[in-house]
2 protein chains.
Amino acid sequence: MTVRGAVPAVIWARPERTGRGPKPAYTRDDIAAAAVRIADAQGLDAVSMRHVAAELGCGTMSLYNYVPRKEDLYELMVDAVSAEHELWEPNGDWRADMLRVAHQTRALMHRHPWVPRLMSPVYGFSPHALRYLEHCLACLDPLQAAYGTKLELVAMLNGVVTTYVRNELDTAERVRALPWSEDEENAVRIAYLAGQIASGAYPRMAAAFTEDAGPVDLEAVFERALDRVLDAFTPRGPGG
Amino acid sequence: MTVRGAVPAVIWARPERTGRGPKPAYTRDDIAAAAVRIADAQGLDAVSMRHVAAELGCGTMSLYNYVPRKEDLYELMVDAVSAEHELWEPNGDWRADMLRVAHQTRALMHRHPWVPRLMSPVYGFSPHALRYLEHCLACLDPLQAAYGTKLELVAMLNGVVTTYVRNELDTAERVRALPWSEDEENAVRIAYLAGQIASGAYPRMAAAFTEDAGPVDLEAVFERALDRVLDAFTPRGPGG
DNA sequence: GCGCACTACGTACGTCGTACGTAACTACGA
DNA sequence: TCGTAGTTACGTACGACGTACGTAGTGCGC
């Protein structure tokens, strides 16, 4: 009986190769790399089983020998880019280390703008994600706190980074698919917003927009957000 | 010349009704409500132009008279449920008010589990979203801070709530579409995770899991996360 | 009251995920 | 040593999807 039917399985628990039959032509890494190449170049929506198979140079249905469902392909992709996380020897300053982690994560998401959309707690236990998580915990060794708290810190920091970068990027990803330009889109949206604010129904929003007349420094906003998260987990010294 | 071709436009800037032609059979609210009904009952993936049209009782292509692109349908849906936000008179305690906002948002997302997946900064300026934002700013009147800071607070709180609830719910939404049961899925994932941890490659993860032997109180985790975010924006008193 | 802008909607195209059947191939049990 | 079971490879096909386009009917503004 072959495993044709749907069987509950984590892709990582499936052996990549069993004894019998012809040698597989590709590895899981080949497949993940092909999918990542497509997503980077043409966006996540271009990642279809057909495209990935074509990129690999095999028939569409051959892919299903390696990846039982498309969902699993996504899981492979996230794990593949998770391997790009540089893991260093923690230097004793957990705040500095976590800031470095956050910036690295953001850089990774800029290289692979589709990552925020695929981020899911379910993918949190792929091999490279486990290595990453272990590294974060190692960085947090100097912090006096229970592991439960440390995991909450990592989750919150990751969440904030992901949310922030998603807000940075998914408009861009969205705009790429539109038949008109980003400027046109923005112009229409801003005009609408200005009209709404000018209606007087939202006095505080109006005040907020006149206060911040200039362009917002998104870089600084991100930095402040990170600091705030880390502040929230920094034990108060006894002297206040 | 009719507006058949793609024109950059925010759906809210399009008049719902112009003078000419037969009366439209449905309002935007009708359409949003139908889509929300389907998403609530059958999940977001069941929201197709065909299904929504069928739910309304009209032909598929008639929908396009009201909603130029599916993306706009999503925007209508998010705005429709944003109307469920209860807006009260702020009582002077901004922390209590923001906690109430956060809990209300979470409750809303539990009623409509697909909302976290659709949350996007782009939808942040729909009519009901603007009302909601203005209400948050009103709640924050007692807080001594620039509007820029207040907007960062609201963004961060919303982000954390969304991330948290998404982690709560999208597994469930995902599982609904699978041909096997949630228990089977979880059993396989946990078995794999246990195997990985038992390998000894992740000593801190192992310690974390033995430390938190019992089931995690997700409710308490959420509450702590909210407190931490608000702490990060609470001005330090002069005396420490 | 003519004409235009609108509503309504059927048809059709290109895409998607993937179930299924078939042929070739290889390692293991006899 | 040799079937044979479990693979790999992949073509075909089905039922979805978003939506471009054509056509017919409707009612307000000139």
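Chain letters run A, B, ... following the sequence lines, proteins first, then strands; residues in each count from 1. Computed from a predicted structure; not experimentally measured.
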Check: Is any side-chain N or O of A:T60 closer than 4.0 Å to OP1 or OP2 of D:dC10?
Finding: no
Check: Has A:S62 got a side-chain N or O lying under 4.0 Å from the OP1 or OP2 atom of D:dT8?
Finding: no
Of the nucleotides [options], which has the atom closest to the [X] side chain?
X: B:P24; options: C:dC9, C:dT7, C:dC16; result: C:dT7
X: A:P22; options: D:dG6, D:dA9, C:dC9; result: D:dG6
X: A:Y66; options: D:dC21, D:dT8, C:dA8; result: D:dT8
X: A:R50; options: C:dC16, D:dT26, C:dC9; result: C:dC16
X: A:M49; options: C:dT7, C:dG17, C:dC20; result: C:dG17
X: B:M61; options: C:dG17, C:dC9, D:dC10; result: C:dC9

Check: Does A:R106 make a cation-pi contact with A:Y164 (under 6.0 Å, within 45 degrees of the axis)?
Finding: no
Next item on the list: May I ask you to test the A:L226-A:V161 pair for a side-chain heavy-atom distance under 4.5 Å?
Entry: yes
Check: Taking for each residue the nucleotide of DNA chain C bearing the nearest heavy atom, is the 5' side occupied by B:G59 or by A:Y64?
Finding: B:G59
Notebook entry, point to check: Considering heavy-atom distances to DNA chain D, does A:A25 or B:V47 have its closest nucleotide positioned more toward the 5' end?
Noted result: A:A25
Margin query: On DNA chain D, does the nearest nucleotide to B:H51 precede the nearest nucleotide to A:C58 from the 5' side, or the other way round? Give the residue.
Written below: A:C58
Nearest-Å distance, [atom1] ([X]) to [atom2] ([N])?
X: A:I31; N: D:dT8; atom1: CD1; atom2: C1'; answer: 12 Å
X: B:Y74; N: D:dG18; atom1: OH; atom2: C1'; answer: 10 Å
X: A:K70; N: C:dT15; atom1: NZ; atom2: P; answer: 15 Å
X: B:D72; N: D:dT19; atom1: CG; atom2: P; answer: 9 Å
X: A:N65; N: D:dG11; atom1: CG; atom2: P; answer: 13 Å
X: B:K23; N: D:dC28; atom1: NZ; atom2: C1'; answer: 13 Å
X: B:D45; N: C:dG17; atom1: CG; atom2: C1'; answer: 12 Å
X: B:L63; N: D:dC17; atom1: CG; atom2: C1'; answer: 14 Å

Checklist line | From CA spacing to verdict: side-chain contact (heavy atoms from CB on, under 4.5 Å), B:L76, B:Y66 | finding: CA-CA 11 Å; B:L76 287 186; B:Y66 303 88; over 6 Å; no
Checklist line | Separation of A:S62 OG from A:L56 CG (nearest 0.5 Å) | finding: 9.5 Å
Check: Side chains of A:N65 and A:Y26: do they bring a donor and an acceptor to under 3.5 Å?
Finding: no
